[in-house]
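In the text below, chain A, chain B and the rest are named by the order of the sequence lines, each starting its count at 1. Below, each value reflects all heavy atoms present in this structure, side chains not excepted, and no hydrogens, waters or symmetry copies.
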Protein chains: 2
Amino acid sequence: MTDTAPGTASRTPTRRYGTRPTMKDVAARAGVGLKTVSRVVNGEPGVTPDTERRVQEAITALGFRRNDSARILRKGRTASIGLVLEDLADPFYGPLSRAVEEVARAHGALLINGSSAEDPDREQELVLALCARRVDGLVIIPAGHDHRYLAPEMAAGVATVFVDRPAGRIDADAVLADSFGGSRDAVAHLIAHGHRRIGFLGDLPGIHTAAERLRGYHAAMNEAGLPVHDAWVSTGPTDPERVRAAATAMLNAAEPVTALFAGNNRVTVTVVRVLAERPAPAAPVALVGFDDFELADLLSPGITVIAQDSAQLGRTAADLLFRRLDGAGGDPRQLVLPTRLIPRGSGELPPPATSTA
Amino acid sequence: MTDTAPGTASRTPTRRYGTRPTMKDVAARAGVGLKTVSRVVNGEPGVTPDTERRVQEAITALGFRRNDSARILRKGRTASIGLVLEDLADPFYGPLSRAVEEVARAHGALLINGSSAEDPDREQELVLALCARRVDGLVIIPAGHDHRYLAPEMAAGVATVFVDRPAGRIDADAVLADSFGGSRDAVAHLIAHGHRRIGFLGDLPGIHTAAERLRGYHAAMNEAGLPVHDAWVSTGPTDPERVRAAATAMLNAAEPVTALFAGNNRVTVTVVRVLAERPAPAAPVALVGFDDFELADLLSPGITVIAQDSAQLGRTAADLLFRRLDGAGGDPRQLVLPTRLIPRGSGELPPPATSTA
DNA sequence: CCCGGCGCTGACAACGTTGTCCAGCAGTTA
DNA sequence: TAACTGCTGGACAACGTTGTCAGCGCCGGG
């Protein structure tokens with residue numbers, strides 16, 4: 001058998017399992033050239049209706065599906081963006097992720113995402129894996145504080161936007177919520193309702209937002225001329241055990257706090273549990289939490305929170321990312337979205353009469 | 001300058017923006033052959049320590065990062081799997097997604113995910129886009145009822161596992177929760193506490209789990225010899241407006257229901273709101289919800305639920321997927337995970353005295 | 001009748017990587 | 001000294017697609 005048609009795939013006698021028809025196969029079956037198939041698949045003009053029909057028939061008959069890996073290799077753009085966040089299971093990140101996905105979808109891009117679990121090494125590993133995949137852009141909720149490893153990638157044109165926390169040691173776009181201002185408002189709110197001994201329960205102090213929220217706490221206390229005792233401030237991992245212990249310690253101290261400010265939604269939920277478990281005669285403790293959460297209004301009392309719109313955070317970041325991808329130049333920008341205090345009852349509880357003075 | 005080395009990229013005089021160094025560039029800089037760079041990058045044996053060092057230096061100096069698109073094209077495997085679900089922002093899917101991601105990570109694979117928004121066309125579009133990317137496998141929470149479009153893909157070796165709902169008109173692996181049994185338990189629980197007129201508030205009846213839960217409701221009522229009035233059953237979209245209207249109608253009817261069974265977490269939350277807003281003298285209405293949700297224990301009364309472990313669902317599905325990818329054969333399997341009734345108070349409320357008879 | 005132009009089609013190279021295969025070289029043995 | 005072995009390194013093709021460019025047939029005008 002003479003190999004007259006060099007186009008036929010006769011070089012590989014045994015097709016390995018999982019092999020799929022290619023444009024070459026479609027072309028052979030339809031009796032047209034390779035490029036014509038490509039034109040049909042991509043909806044390019046310049047193909048006779050009759051030819052197009054023949055090609056379409058061959059495509060469906062063979063179950064052909066374009067191999068985007070090859071396309072990407074050829075075109076250089078992947079039409080996909082990467083999202084690296086802390087934990088997809090955290091209700092704060094679900095809406096954010098979904099918002100990023102919607103924007104990506106509007107731009108015809110797919111979303112690849114991964115959870116860093118708040119581990120800088122894992123963040124870097126993920127980000128670099130995404131870069132190896134040649135994502136067009138990255139949305140990163142950073143876990144680490146040094147992102148210089150991204151310099152070659154950004155220089156090569158990978159658009160990058162940081163969310164929730166700024167980039168470390170590198171100049172990049174960032175979209176943040178006003179953690180400092182929101183926290184100051186929260187604590188000022190408690191002070192306005194008569195509290196003087198206010199506890200702060202925060203996340204690991206290395207996390208930017210956690211540090212900012214602590215700063216806001218101190219600012220509000222300072223502005224009111226109130227002292228801050230070391231025992232009133234606790235930062236660390238947000239696992240229920242630690243938060244529970246810290247909250248209990250503050251509540252059972254000789255001079256107990258009369259109000260608590262919880263630094264994020266995980267902490268707030270645990271604090272709500274701790275307060276709910278207190279023996280009945282205990283004086284009610286005021287509480288304001290950073291981050292809104294579902295059902296906060298249905299608890300009794302309703303939980304007063306500083307709300308930040310995580311979906312809006314994601315949408316803003318993704319919009320900025322695609323503007324960069326569309327060629328928008330200029331220096332890196334830092335956008336700060338406002339927060340909003342939602343009073344629901346728990347933050348408006350007055351301190352017990354004995355400690356008002 | 002004579003172009004003695006045919007390897008140098010001198011054919012493209014102007015490198016387009018965003019171009020990156022390739023192995024060829026690294027090889028040229030290190031003064032070695034292309035394949036040697038490949039060997040170093042992939043940690044293959046057969047390279048002198050000295051040569052390896054030279055190559056590594058060139059890699060860091062140029063900021064080289066392997067182009068996985070090319071690698072994928074060559075190797076045929078992408079080391080990535082796709083996850084198509086309904087809505088990433090739904091708290092039910094966050095843990096599921098995270099669980100799938102963890103399993104993927106353990107197998108060195110990346111996760112690409114997309115939300116179908118419960119739209120079959122969008123599901124298909126997403127799934128086929130993922131197939132074009134040549135994901136190794138798919139985890140799908142189906143929105144549609146006809147997945148024959150997947151036949152060519154599955155024949156070509158794309159491992160596919162359906163989750164939460166079975167595949168439509170095609171034979172495929174599936175991991176489900178016991179919606180029927182769980183619902184029957186829920187309704188039987190209410191009956192055991194004296195209720196006779198029990199309302200069912202469910203999702204769109206076209207959704208498999210919704211239909212199963214309705215079936216469980218009917219089964220429990222039948223087994224207790226209780227009649228079911230049309231007015232006690234309402235199915236449809238789970239947006240708060242519809243659920244609110246349906247629940248209100250059941251509660252304000254001439255012969256009002258004394259207990260409600262809510263078909264999923266979205267519905268339950270809305271029902272909790274409706275019940276909370278009822279004027280004070282109204283008799284308390286019992287409630288059991290399908291799906292557990294955060295803080296269900298802190299409401300008063302606590303909300304009795306049928307819990308299904310969405311993370312376990314995802315983990316099980318992903319495990320099965322990778323077993324298939326590792327070559328596990330055999331007929332498609334359908335795994336059903338048990339549900340668990342968690343009594344917290346709302347399901348144990350007795351009916352008002354007047355209607356017990 | 002011839003020629004220019006246009007519309008459609010296909011051959012070919014290139015994208016960056018990996019697998020195959022062979023060449024070169026140093027060390028060992030007859 | 002020649003042959004042989006084992007190991008390192010490099011040339012080349014192939015993965016499936018798209019961009020470039022050239023060719024072919026046909027039509028209308030000169």
Atom [atom1] of [X] and atom [atom2] of [N]: how far apart are they, to the nearest Å?
X	N	atom1	atom2	value
N67(A)	dA14(D)	CG	P	18 Å
R54(A)	dT9(C)	CZ	P	8 Å
E44(B)	dT20(C)	CD	C1'	12 Å
M23(A)	dG10(C)	CE	P	14 Å
I72(A)	dT18(D)	CD1	P	11 Å
R71(B)	dT17(D)	CZ	P	20 Å
L62(A)	dG16(D)	CG	C1'	15 Å
R20(B)	dG16(C)	CZ	P	11 Å

If we only count heavy atoms from C-beta on, is the V41(A) to F64(A) side-chain gap below 4.5 Å?
yes
Quick check on [N]: is either OP1 or OP2 less than 4.0 Å from any side-chain nitrogen or oxygen of [X]?
X	N	result
T48(B)	dG9(D)	yes
R74(A)	dG16(C)	no
K75(B)	dA14(D)	no

Backbone of G144(B) reached by a side-chain donor or acceptor of E123(B) within 3.5 Å
yes
Keeping T51(B) on the side-chain end and P49(B) on the backbone end, is there a donor-acceptor pair under 3.5 Å?
no
If you look at every strand shown and take non-hydrogen atoms under 4.0 Å, does N42(A) touch a base, only sugar-phosphate, or nothing?
sugar-phosphate
Looking at every strand, decide which applies to T51(B) at a 4.0 Å heavy-atom threshold: base, sugar-phosphate, or nothing.
sugar-phosphate
Assess the side chains of D87(A) and S115(A): does a donor N or O sit below 3.5 Å from an acceptor N or O?
no
In I112(B), N113(B), V127(B), the residue satisfying side-chain contact (heavy atoms from CB on, under 4.5 Å) with V84(B) is V127(B)
For the side-chain contact (heavy atoms from CB on, under 4.5 Å) test, which of N42(B), T22(B), V37(B), I59(B) pairs with R66(B)?
N42(B)
Minimum heavy-atom separation for [X] to [Y], with atom names?
X	Y	answer
A159(A)	L325(A)	CB-CD2, 3.8 Å
Q334(A)	P166(A)	NE2-CB, 4.0 Å
R133(A)	T78(A)	O-CG2, 3.5 Å

Indicate the ring-plane relationship of H147(B) and F162(B), choosing parallel, tilted or perpendicular according to the 30° and 60° boundaries.
perpendicular
Quick check on contacts: within residues 126-138 of chain B, what sits under 4.0 Å from DNA chain D by heavy-atom distance?
none
Strictly below 4.0 Å, heavy-atom distances to any atom of DNA chain D: list the hits from residues 32-41 of chain A, or just say none.
L34(A), K35(A), S38(A)
Closest to side chain of R66(B), choosing from dG16(D), dT17(D), dT18(C)
dT18(C)
When A70(A) and G46(B) are each assigned the nearest nucleotide of DNA chain D, the 5'-most assignment goes to G46(B)
